[in-house]
Colleague: 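Would you mind keeping the following structure in view while I ask a few things?
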Protein chains: 2
Amino acid sequence: MSVPGRPAQQAPADIDEVMELVRHEGGRASTARRVILEALVAAGGHRTAEELAADIHSGHPEIHQTTVYRNLERFEDLGVAYHTHLGHGPAQWHLTGSRHQHLVCQYCGAVIEADPDILAGLETTLHDRSGFELDLRHFAITGTCQSCASEAREHPISDPSVPA
Amino acid sequence: MSVPGRPAQQAPADIDEVMELVRHEGGRASTARRVILEALVAAGGHRTAEELAADIHSGHPEIHQTTVYRNLERFEDLGVAYHTHLGHGPAQWHLTGSRHQHLVCQYCGAVIEADPDILAGLETTLHDRSGFELDLRHFAITGTCQSCASEAREHPISDPSVPA
DNA sequence: ATCCCTGCAAAATATTTGCACTGAT
DNA sequence: ATCAGTGCAAATATTTTGCAGGGAT
């Protein structure tokens, strides 16, 4: 795996720009690379590597899952994409441009997209107290959603992990 | 996997109390169960299932990894223990009693244990805005530690995931 | 011509499940 | 005597790696 591109880069919204960036970093503008990127843009986030491979498969059955993994990692190195863990399932991939915070309910698995501003206070507190620079993209924020909180005491459920 | 015991239960600090709880819930006070719990107490948190199995192995070579997994899950259901993901490696297990927040540096992998009070503000904000009840035990809070933040721009490193 | 990238196969990691037997109640 | 728990083997899920051939520069 890789760690997010740093410093936090602007996501080139345009596919050609990304391919340009890839070339600038010594990479090659392969077909697979472009197709995978297109799939990610088209999906608009919240896609697993496997889902992306499936999306791609109709048009390009020769593109293997491995290649999807390798390219997503590359995009992450370039700061163009990142992955998030919402639960125990596979990682979810996003373009860096669509930044949002995930709240995941541990009981029903609901994924709520929160305004990243919600974290502003925490970010400041942490930085002041310890110099730690928060980046909550990598893991979701878990907790209990409103409806589960109310009916919580009665019937525990088994693992929702990640919803469909 | 399972979801934390709910409502958040007091962790019985005492092993006999936990075994009592297990029996009360229809479970049996097996030797393996007790030994695994003892290992968890002795380790004082931050142990993976595999590490716990290793800890146990000298005294009880017959206790299999599978049994460790199964019992940890059971303890989690009972609200006695919980697991946390600090990175891409295996989950870390803790007793519910030793509650603390993990900050993990994405670059060097350092794990900082933060005062859970740091999150008080965020907790309130979230609850007020969306009724979401925060529980940040399940995933670590990722970011960049102070020293990595300073030397950050120069040399990206590969995946630290979880430190030794 | 170089060497990055790909497809395919296989491995690696972390965890879960099936099943017959043992052991706690 | 019952039925939960265990050991062991095998399966599962997700991701990574090795290698030889193909394609971008």
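In what follows, every chain begins at residue 1, and chains take the letters A, B, ... in the order their sequences are listed. It should be emphasised that the depicted structure is a prediction, and the values quoted were computed from it without experimental measurement. The figures here come from the full heavy-atom set of this structure, side chains too, leaving out hydrogens, waters and symmetry mates.
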Colleague: It should be established whether B:R23 places a side-chain nitrogen or oxygen under 4.0 Å from OP1 or OP2 of nucleotide C:dT25.
Modeller: yes
Colleague: Using a cut-off of less than 4.0 Å, is there contact between a side-chain N or O of B:T66 and OP1 or OP2 of D:dG7?
Modeller: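 No, no such contact exists.
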Colleague: Starting from C1' on D:dT15, measure out to CG on A:L72 and report it in whole angstrom.
Modeller: 12 Å
Colleague: Give the nucleotide from the list D:dC8, C:dA14, D:dA24 with an atom nearest to the side chain of B:H64.
Modeller: D:dC8
Colleague: Determine, for B:D117 against A:R129, whether the closest basic-nitrogen to carboxylate-oxygen distance falls under 4.0 angstrom.
Modeller: no
Colleague: Checking ring-ring contact (aromatic ring centres under 6.0 Å, His included) for the pair A:H85/B:H138: CA distance, chi angles, key distance, verdict?
Modeller: CA-CA 11 Å; A:H85 301 277; B:H138 189 221; over 10 Å; no
Colleague: In whole angstroms, how far is the P atom of D:dG5 from the CZ atom of B:R28?
Modeller: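 Distance check: B:R28 CZ to D:dG5 P gives 7 Å.
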Colleague: Would you kindly give the CD-to-P distance between A:Q65 and C:dA10, to the nearest whole Å?
Modeller: 17 Å
Colleague: Would you please say whether a donor-acceptor pair under 3.5 Å links the side chains of A:E76 and A:H83?
Modeller: yes
Colleague: Do we see a donor-acceptor contact under 3.5 Å between the side chains of B:H127 and A:Q146?
Modeller: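 There is no such pair between these side chains.
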Colleague: Looking at the side chain of A:R74, which of C:dC4, C:dA14, C:dT6 is the nearest nucleotide?
Modeller: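 Taking heavy atoms from C-beta onward, the closest nucleotide is C:dC4.
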Colleague: May I have the distance from B:H60 (atom NE2) to C:dT22 (atom P), rounded to whole angstrom?
Modeller: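 For the pair B:H60 NE2 and C:dT22 P, the rounded distance is 20 Å.
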Colleague: Does a nitrogen or oxygen in the side chain of B:S30 sit under 4.0 Å from OP1 or OP2 of C:dG23?
Modeller: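 No.
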Colleague: Would you please classify the geometry between the B:F139 ring and the A:F139 ring as parallel, tilted or perpendicular, with 30° and 60° separating the classes?
Modeller: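 Taking B:F139 first and then A:F139, their aromatic rings lie parallel (interplane angle under 30°).
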Colleague: Write down the distance between NE2 (B:H85) and C1' (C:dT15), rounded to a whole number of angstrom.
Modeller: 11 Å
Colleague: For B:Q92 and C:dT15, give me the distance from atom CD to atom P, rounded to whole Å.
Modeller: 10 Å
Colleague: Output yes when at least one side-chain N/O atom of A:Y69 is less than 4.0 Å from OP1 or OP2 of D:dT16, else no.
Modeller: no
Colleague: Would you kindly give the NE2-to-C1' distance between B:H24 and C:dA24, to the nearest whole Å?
Modeller: 18 Å
Colleague: In whole angstrom, what separates A:E50's CD from D:dT15's C1'?
Modeller: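 Taking CD of A:E50 and C1' of D:dT15, I get 11 Å after rounding.
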Colleague: Taking only the side-chain nitrogens and oxygens of B:R70, find out if one of them lies under 4.0 Å from OP1 or OP2 of C:dT17.
Modeller: no
Colleague: Start at the 5' end of DNA chain C and walk down; is the nucleotide closest to A:N71 or to B:A49 reached first?
Modeller: A:N71
